[in-house]
There are 2 protein chains.
Amino acid sequence: MNKINIKYLAKELNLAISTVSRALRDSHEISAATKAKVFALAKELNYEPNPNASGLRGQKTKMIAVVIPDMVNDFFSLVISGIEKITQSKGYHILLYFTHGDHELEVSFIKTLANGRVDGVLLSMSSENNNRHHLGELEKKGIPLVMFDRVCDTLQHVVKVTTDNYESAVIATRHLIDAGCKKIAYLQVHKNISVGKIRMKGYLDALQQHSSQASPLVLESANDNEETFQFLQQMLIKEKPDGIFASIEKLAVICYRVCEKIRLKIPEDIKVISFSNLQTASLLNPSLTTITQPAFDIGETAANELFQLINRKDKSVAVERNVVLKSRLIKGRSTARN
Amino acid sequence: MNKINIKYLAKELNLAISTVSRALRDSHEISAATKAKVFALAKELNYEPNPNASGLRGQKTKMIAVVIPDMVNDFFSLVISGIEKITQSKGYHILLYFTHGDHELEVSFIKTLANGRVDGVLLSMSSENNNRHHLGELEKKGIPLVMFDRVCDTLQHVVKVTTDNYESAVIATRHLIDAGCKKIAYLQVHKNISVGKIRMKGYLDALQQHSSQASPLVLESANDNEETFQFLQQMLIKEKPDGIFASIEKLAVICYRVCEKIRLKIPEDIKVISFSNLQTASLLNPSLTTITQPAFDIGETAANELFQLINRKDKSVAVERNVVLKSRLIKGRSTARN
DNA sequence: CTGTTAGCGCATTCAC
DNA sequence: GTGAATGCGCTAACAG
C-alpha cells in the first residue's frame, strides 16, 4: 500500500514536487503537456491531496463547525439540511457538535474549534443569557461566527439569523381573533426557553390590543405527554376556550387528541393554530392552521452569511447584521372532514 | 494577535519546543515543576494544539465521517444522536455528509475521505445494489468502515449493523393474526427501498404460514399524502380489512385519519400496527401498536464497532461481523379512548 | 530530565 | 517552464 502523494506522483513522472503541485492547482506557469500528464496520473491513482498538509500550509481547513443543542426535533434537522446544501456547493465539510443544552460543553467545543480546526462556526446557543466570553476567543483568532435561532441578544458585532417569533405569534393570535375566537388559550412548553417566551409575549400583546378577552389563558406542558393530556383536558372542560394557540407541534397533537376524546370538533367548536416544522399535525388534521418556520432557509441563510465572512478580504472590521426570516402561516381547511 | 503554539509557549518559558510538547502530553520524562509551568501558561493563553499539524504528524485526525442519505426522517436524526454520544466520549469529531440518495455523490465523498481526512467511516448507503468499488478504496488506504441500516448485502469483510426488519415484520403480522384479524392489509411505501421489501416479505410469509387469509392485500402509497388518503379510504371501504400493518409511521397517521373519517374505531373495528421511530403515531392514538426500531442504539453500536476497528492493533486482517439489533413491539392500549 | 533534529505533505519563494 | 529549498506546527527518535 504505497502512499499516493505529490512526492510519489513526481517520482513516477520524473518531475519536481513543486511542478506537480503547481500542475494540480492548474497554475498558468506550467505547460499544457505537463499538466495533462499530471492530471492523468493523479486520476489514475485516485490521488487526493492530504487535507492536513494543505490545511497546515495554507491555514485553511475547508471545514465549518455546526454547533446545535441537539437533534431531537425536526427543526434542527431541517436547518442542517439547509446548511449542508450550501456547504456542499462550496466544497466545504461540516463538523457537527451537540451541546445537549449544556453550556459547559458549548464552551469546551468553541475552545477546541478556536485553534484552526475550522474556517468558521455556525452556532445555535445551548441556552440563553449565559456567559459569552468563549465567543470572544473565536473573534480573537479571526474565526468567523454566525449565530442562528437561539442567538445572544446582548452580543454585538455578530451576524445573527433568526425568525420572527414575536410577529408570527401576534399574527397567529390575531388569526384566531379575526376568526371570531373570544377565549384563546396559549399552550406553552414548560422549559425556560426564550423563544417560547417571545412567542408568548406575542400572544399576550395581540390579546391585549385586539381582543376583548378578559385575561390570558396559559397552560404549561408537563414533563410527560400523558400528564399534559390530562391537564389540557381539564383546562378545556373547565375554561371552554374557543381558540388554541400551541407553541410547538407536539402540543397541538396532544390537543387534537383531547378534542377528539371530549368530542370537540375542530374547527367548528374550537379553532387550533400551532407552530410547526414538520407536517405531522396538519397531516393529522388538515383543518389545523400552522405557523411554519423556514427552518431550511435558516440553514441556507446562516451558511451563506458565514461564507461571506470567510471569504471577505478585510477581516479586521467586525460585521454586525441581523437577518430575520419570516414564518409562513399555512391556513387549514375550513372544515374538519374533507 | 500572536499565534499561540508550542513554539511560542517554549519561548515564553525558556524551554525547548519538544519539552513543551512532552509536558503537554503529560510525558513521564518531564519534571512535575516544568509540567506545572507549562500547563499554567497553556491554560492562561487558551492554548489548543493545531489539529492539522498533529494530524499530519501522527496520521490521526480524531475525526470520523458519517455518510447518510439525508435527514428528512427522524430515523437518521436518532442514529446520529447515538453516534454523537459515543464519538463525544472518545474525544472524536463528526464530519457529516448527505448523499441525497445519489450514488455518484456517495462515490465522490468516499473518494475524498479516502485520503486521510478521517480515521474511519460510518456509512448508510445512498441506494442498494450499486457499484461498490469505491468502498475498496477505503480498505486499500486502511480506513475502517462500518455500514448500518442500508448495507450492502453482497459485500464481504465489512462490519454491518442492521435491524431485524424481516423478523419484526413477521412478529407484527402475527400480532394482528393472534389478535383475531382475518384480513390484514399491508401499507407499503411506493419507492423501491429494499428495507420496505424485506418488511413486506415478512408480512407475506407470516400471512401464508399463520393465517387463513386467502390472498395478501398490499397498498402502495402515492406521491402525495392526499392521494394516499383517497386510495386508502377506497381500499378500506371496498376491502374492509380488520387489520392494518403500516410499513412507516406516516402511513399509519394517514390511516388513522381515514379511519376517523369513515368512523372506524381503532382497535375495536380495525387493528393497526406500524413501524415507527418517533412517537407521533402513538401519541396520536395510544391504542396504536408500534414496532420501534432502536435507532439510537444503531448509532451507538455502529460507532462502537468503528472505534474497535480504529483502535485495534493488527489492521491487516479484515473483520467481518453482522450485528442485528432487535426492534421492540410496543403494544397499544386495548381501547381507543383512554 | 531536557535539548536538537528530522520529517509528516503541501504550497510558495527564489533560483535557473 | 521547471527544480530546489523553506516552513506551516507538531511529535518522536536520538543525544546528552
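Please read all numbers here as calculations on a predicted model, not as lab measurements. So you know, we letter chains A, B, ... as the sequences are listed, proteins then strands, and number each from 1.
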How bent is the helix from C:dC1-D:dG16 to C:dC16-D:dG1, comparing axes over its five end pairs at each side, to the nearest 10°? 50°
How would you list all residue pairs meeting salt bridge (charged side-chain N to carboxylate O under 4.0 Å, His left out) that involve residues 296-312 of chain A, not counting sequence neighbours?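 Listed by first then second residue: A:K85-A:E300, A:E305-A:R321.
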Separation of atom [atom1] in [X] from atom [atom2] in [N], rounded to whole Å:
X: A:D26; N: D:dG1; atom1: CG; atom2: P; result: 13 Å
X: A:L13; N: D:dG1; atom1: CG; atom2: P; result: 18 Å
X: A:K60; N: D:dG9; atom1: NZ; atom2: P; result: 15 Å
X: B:L56; N: D:dG7; atom1: CG; atom2: P; result: 17 Å
X: B:K3; N: D:dG7; atom1: NZ; atom2: C1'; result: 11 Å
X: B:H28; N: D:dA12; atom1: NE2; atom2: P; result: 12 Å

State whether a side-chain donor-acceptor pair under 3.5 Å links B:E84 with A:H100. yes
Nucleic acid footprint by protein, nucleotides 10-16 of chain C - heavy-atom cut-off 4.0 Å, B for base, S for sugar-phosphate alone: BBBBB--
Taking only Lys NZ, Arg NE, NH1 and NH2, and the carboxylate oxygens of Asp or Glu, determine whether A:D26 and A:K35 approach each other closer than 4.0 Å.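 Yes, this pair counts.
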Holding to ring pair (Phe, Tyr, Trp, His ring centres under 6.0 Å), I want the full list of residues that pass it with A:F307, two or more places apart in sequence or in another chain. A:Y92
Report the residues that fulfil side-chain hydrogen bond (donor to acceptor under 3.5 Å, both in side chains) with B:E48, sequence neighbours left out, ordered by chain and then residue number.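 Not a single residue meets the side-chain hydrogen bond (donor to acceptor under 3.5 Å, both in side chains) criterion with B:E48.
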5'-most contact on DNA chain C: B:A32 or B:Q59, nearest heavy atom basis? B:A32
Check step by step if side chain to side chain donor-acceptor pair (under 3.5 Å) holds for A:R25 and A:S21. CA-CA 6 Å; A:R25 318 209 88 238; A:S21 173; 5.6 Å; no
What pairs with A:K60 under salt bridge (Lys or Arg N to Asp or Glu O under 4.0 Å), at least two apart in sequence or on another chain? none
Non-hydrogen side-chain atoms of A:I80 and B:L96 separated by less than 4.5 Å: yes
